[in-house]
Every structure is written in C-alpha cells, then in structure tokens.
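Report on one structure; see the data block that follows.
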Amino acid sequence: MAALKVTTSFVYLSNSHTHSRKSTLSRKRFTPMAATLTTTTVGLAETFTRLKKQGKMALIPCILAGDPDLSTTAKALKLLDSCGSDIIELGIPFCDPLGDGPVIQAASARSLARGTNFNAILSMLKDVVPQISCPISLFTYYNPIHKRGVENFMSTIRDVGIHGLMVPDIPLEETESLRKEAIKKKIEMVLFTVSIFLTFFFTGPTTPKDRMKAIAEASQGFVYLVSSVGVTGARTSVSDRVQTLINEIKESTTKAVAVGFGISKPEHVQQVAGWGADGVIIGSAAVKILGEAKSPQEGLRELEKFIKSLRFALP
Amino acid sequence: MAVATGSSSCCKLAKPCAFTTSNSSQSPFKLKKFTASPAKSTSIRCTIARDPVVPMEAKKESDPAPWQRPDVFGRFGRFGGKFVPETLMYALSELESALHKLADDRDFQEELSGILRDYVGRETPLYFAERLTEHYRRPNGGGPHIYLKREDLNHTGAHKINNAVGQALLAKRLGKTRIIAETGAGQHGVATATVCARFGLQCIVYMGAQDMERQALNVFRMRLLGAEVRAVHSGTATLKDATSEAIRDWVTNVETTHYILGSVAGPHPYPMMVRDFHAVIGKETRRQALEKWGGKPDVLIACVGGGSNAMGLFHEFVNDKDVRLIGVEAAGFGLDSGKHAATLSKGEVGVLHGALSYLLQDEDGQIIEPHSISAGLDYPGVGPEHSFLKDEGRAEYYNVTDDEALEAFKRSSRLEGIIPALETAHALAYLEKLCPTLADGTKVVVNFSGRGDKDVQTAIKYLQV
C-alpha cells in the first residue's frame, strides 16, 4: 500500500490538576488489592511535565502485543524502555482494525493467529511492567473494552500498572462513560484530534476549532494529534499542516501535544520537533521492524537501532 | 459533562432527522416527524391465532409512537451511535446535514422518484401467491393468505438498488466523484456499480477474496459495469473484512469520497439513511394492501442479514402495533453448530463497524466468523434498529438453517415459478413454522428481496433437481 503523505501528530494534554513533582515516585494510584505491584513510574501527563522542564521531547514508540509473540513483546518493552523511550504504546490486536493500515493489520492478524488473547497479554504485563521505568499506554478498539465492561476493563488494566488508554474508534461524543471510569481508576485517556478539520475550517459551516478545543480539554495525559487523514502507516513526509495545527491546539490548551501516524524517519522527527510538538509517536515503523524481521532476535536488534536513531534526532 | 461539540450541524438537529413527507406514493425519502405525543393507553396486540404464538421475549408492551428512531445522537434506544475514528466525524456530520436539507428539497425528491420509477422499475407488485397459499391451506380449508412484495423485479434483481440510487444522488449533491462500497454476495456491489455507471461516478467495490470466488458472476458484472473490484485478503476475507477495508478507504479519502454502505448498519446516519431509502417498500405495501383487501397486512416477514430489506418493509408499520414484524436470520448449519449468522439469537451487544448492536463475538470481544449458505446473510452483526426492535419486543426474530432455506428455494420455484435469492429463501422457509399458527385469513406479506439467478451455481451443488 502506498505510503500516505500526511503524518499524524499526537497532542498531549497534561492534566490541569497535575502539579510539578520533584521525585518520580508515583503516589499510589491503584487500589490496595493490587498489593503485589509496586510501580515507580509516573503517568503520561507528569512525564511530559518533567520532560518539558528538561527541554526535551517525548519519544513514544508503539508495538503490537503478540507480534511475533508475547515473549518477544515482553523483551521489546524492556528494550524500548532502556533505549530512551519516554512512554510506550502497546497495541491490543483486534480482528477488525479499521483505523489501521496494512502493517498494523498484518501484525494484528499474525498475533491473533498465534492465539494471543487479552488474558495472556495481562499476564505478560503483570510480569514486565514492574521492570519498566516509563509509563505504558494501551491502544485498543472499543469492542474488547465493551465486552469486559468499562469499569472492569479499567480496573483490570490499572491492576497491571497501565497508565494510559487510547481508543481509536470512539469519538468525543461517545467517550463520556469511558472517561468517567478512566478518571476514577486513574487511567489517562488520550483522545485523538485530526488535521482534517483544518481544511474544512475555511470552507464548512461548522467550527472544527471548537471541536478540537473540546477534544483537547477532555483528553488526558496528552492530546494525540493525528497529523494526516488516513489510517496508520508510514508516510514519505510530514505535512506542514501539522505545524499550524500544533499552534492551534496550543492556543487552546496547556496540555502536551504529541504527533503520530506516519512518522518513520529521523528527519520526520526533527521536523515535528521544529514545529513545537511535545512528543512524537512511532507506530507502524516500529511494528514493521519487529514483526517482519527474519527472526525475533533480529527484530529486537533492528528495533533497538531504529529507536536509538530517533532518540538521537530528538531534542 | 459540558463538552462543546464543534459540529454545530449535530446541534441543529434538535429533532431526530425528520423529513417532510411528500404525498406521492413514489416518494422514496420520507421520514416521520417525531412529535412528542401523549402516551397512549397500551392496546393489546390482536393477532388472532388458534394457538397463540408467544413472541420471542415476553416484553412489556410499549407504545412505539414516541420512540425516537433514531435520536439526535443516532441512537435507537441504546443501540447505534457513531463509533468511528475522529477522521470520519466531519463526513458523518456533513451527511447528516445534507439529509436534513434534502427532506425539503422538492427537486431531489422528484429526481429520485423519477429514477426509481423509470430506471429501477418501481413500484413493485404486491403479488398474491396463490399456490403457496394453497400449500399452507389446512384440511378444513382455512389458512393464511400469502403475498409477496416483489423487490426481485427491481432493476438488478434485488432491493439493494433503492439505497444505491438514493445515495448516488446524494453523493452528487455533496460534490463527491468517487464512490466506494463493500459487498458480500455482490448484489450491493452490482447495484452500486450500476448507479455509478448511470451517474458517471468512479466506483470501487471492496469484496472479500473468499466471496469473490463464490460469486464470480457478480464480480464479472461489476467489472463490466465499470467498477474496480478490490479483493480483501485480511481477516476472514469475507463481508466484514470488506466493510472494514471500505471504512479504511473512507478514513483515508474522506474529502473526495462517499461511502455507499449497503445495509442499515454502520455509524449514524447510515442506519437511518439506508432505511429511509428503502422505506418506499413499506409505503407501497400499505397502499397496495388497502387496494387489494381494504386493510393492513397482519404479518410482515423478511430475511435479515444487515437488515436493510426488513427495515424497508417494517419502517412504515412500526407504529401499527397490530402488524406483526418478523425477521428471519440464517442459522447456517444450526444454532448449536457454531456455524451460523443468527446474530439476534446468539449474539451479544458490542461495537462493530461504527455502531453498537448485537454481534457474534467471543469472550475477548473478537468477532466470530459467521456462516450461511447465502452470502448476503453472512454478516456477524446486524443493524442497530433491529437490535432495538428486538429488545423492545416490537419485532420478533427467528432463524432457519441452510437446508431449510434450500427447501424453500425449491418450493417457491416449483409452486410459484419464482426463483428466490437464497437470502429471500430464508424468509420463505419460516412460513413452514409460522403458517400453522396463524388464523384463517391472516394476511402475510413476505418481502421477496431478490431473485435467485445469482445462486444457481451454489444451489446446483446441493440440490437434486
């Protein structure tokens, strides 16, 4: 499939009630029941706050659970953490990923074919999360959440130490109950805003700017700016619409803005950094490297090289 | 939660999309105006039957008149909604606004009526099936009267074209020149390719690779009509995957492209819009019934895959509580076999392709691959309005197996000289169970949703003729 030209950006929204912290020790965020888990990671918003103070940009790689297999996923999570990732996004495979391009579709299919299921992913996370210093955010379509029950789902992921959640097929209007539960369980729910609105702003009767503002306000952790119209997948270049969008979002919120969809090269990362984004998300590029390698070991090696090259390009 | 939605078109729809009705019976685009009416006293539904048939779920009787179908958020009760990526929200709002405006647009209504009349061949007959009626006649001479609403006589051989024509006209109004569609058996794909040829629009149809093999004739037809047919290899390579791929295309090309969804599924406003384009079926039926026997139908039966032909027939009569609505799904190899598509019987509520509705899913929320001998019913979801009507107890949903459908396929051919689509054969098959329970003289209208020429190759494998 042809690479799409637009990149997506993530807008991080920092919680307005998050105050600066000197230490990185988290206050206990999960219920006492999860006594076995002692995480020292901070959440998404706090991560951005800390990085901003240091004048740094967040690197957010994304991988898909179970591709090529869960034990490689576990190793990859640790690897990404040690290579300088600030937040890691972990995708849950779904049979009908309608927001994803061919790379992540193929990765999801491979993972499901291996028999990856949610409980297995949770087991793996229970084991691995305590060994990881940066926060993890889950990326999943809505049906698996709905099936388990929103409240149950939020508790479950909190219990294994997950900090954030992204759900691509649920627009602002439908997120209310999810956000309520997420807030209760201290899961930061990141919302997506898309560049398409910029085109229509000048031609249409609606006010997309208001919508973007509403999304920015409701998002937690950060705002995920999808820089291009389309599904996930590498693009050849990042549209400079992104720059305008980043500015627009920053006019309406102090929350962090991270850019994603289509970022696959150090040049992209530098461009996005130059436009004032607070973070950059690398999805399909990372998933492809790991999932399509000749062997898991090679995949991990290539992934390490790739992430380090991006880290190097980032302020 | 005070969240300002940027899409003011959503806020403009203070009442659910209600369109004014034009008096012409050909009017294809009629939506009821929803006004709050005082709750009527619940009347008891009088279906005279020797053996009272208990509807599937003994639900409380509630008055359908005040129901919002759908409300401003595209919900039918709790079902429906818009569960799509943010990228599509604007396009959906744009569609909603366009629909709202078109309700009062005489030119649009007249143009659509004209095409339905002269190009599609409407109105379709309501045909008294004499020999089928005789087949169900009891030894004492009594029994129900079977009528067939002949959607098979439309151009392209199925009801699908009603919606394709309406949406193609709408797309032109929106200035979109590129049309995409998904298709299972190929009938909706053929209907879309047909209207795109008629209106000079670029047409791309997504079809599961497996389906392309079983419906090679339809693939050829689509290409002959000028459409590009793209094989979908992901997932199970059938209808649900074709739908996912079409949605991805739309997400990517939303600025230039209109997605002609083929059924009353998907995100709002699709379930409403597709229903409204098919509502002409029910409207004609009401008038024809009045002409033929001076009354209303007592029972309406239609097959249900996504549910478009059923909603097209039912919609007009939802508020007539004395009219029984029966949907028939595909039981494939049987409900206990795990190989069926009986979503409303065996499914659970979830989100697929943009709407909250019943669907066949496993414990992880992954979609289960359905099975039916008829590709058009082989869908693991169902339109949200059907989920709503089921839960309200307003409509009843049953199912028949592949074998029962094949029997009905033969029966209709032998007794009436009309070869039904395998999908339609499911509705006909249910008559076997239903008719013995109906009182003498009960007027039954079966939505004959399509003709079966496309299915002869499949039937040859199973039937000895």
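Just so we're on the same page: letters track the sequence lines, and every chain starts at 1. In what follows, every heavy atom counts, from backbone to side chain, and hydrogens, waters and symmetry copies are set aside.
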Ion pair present between B:R75 and A:E174, side-chain N to carboxylate O less than 4.0 angstrom? yes
So, B:E86 and A:R211, do they make that salt bridge, N to O below 4.0 Å? yes
Smallest separation among heavy atoms of B:S244 and A:L98, with atom names: O-CB, 4.2 Å
Of all the heavy-atom pairs spanning B:D362 and A:K147, show the shortest one and how long it is. O-CE, 3.1 Å
Keeping [X] on the side-chain end and [Y] on the backbone end, is there a donor-acceptor pair under 3.5 Å?
X	Y	answer
B:D364	A:F118	yes
A:H146	B:V351	no
A:N143	B:G365	yes

Chain B contact via [X] - side chain, backbone, both or neither, heavy atoms under 4.5 Å:
X	value
A:P97	both
A:L112	side chain
A:P171	both
A:Y142	side chain

Which region of [X], side chain (C-beta onward) or backbone (N, CA, C, O), has a non-hydrogen atom less than 4.5 Å from a non-hydrogen atom of chain A, or is it both or neither?
X	result
B:D249	neither
B:E348	side chain
B:L356	side chain

With rounding to the nearest 0.5 angstrom, report the CE to CG distance, B:M89 to A:L172. 8.0 Å
To the nearest 0.5 Å, tell me how far A:D169 CG sits from B:K82 NZ. 14.5 Å
Do the non-hydrogen side-chain atoms of B:H233 and A:Q105 ever get within less than 4.5 Å of each other? no
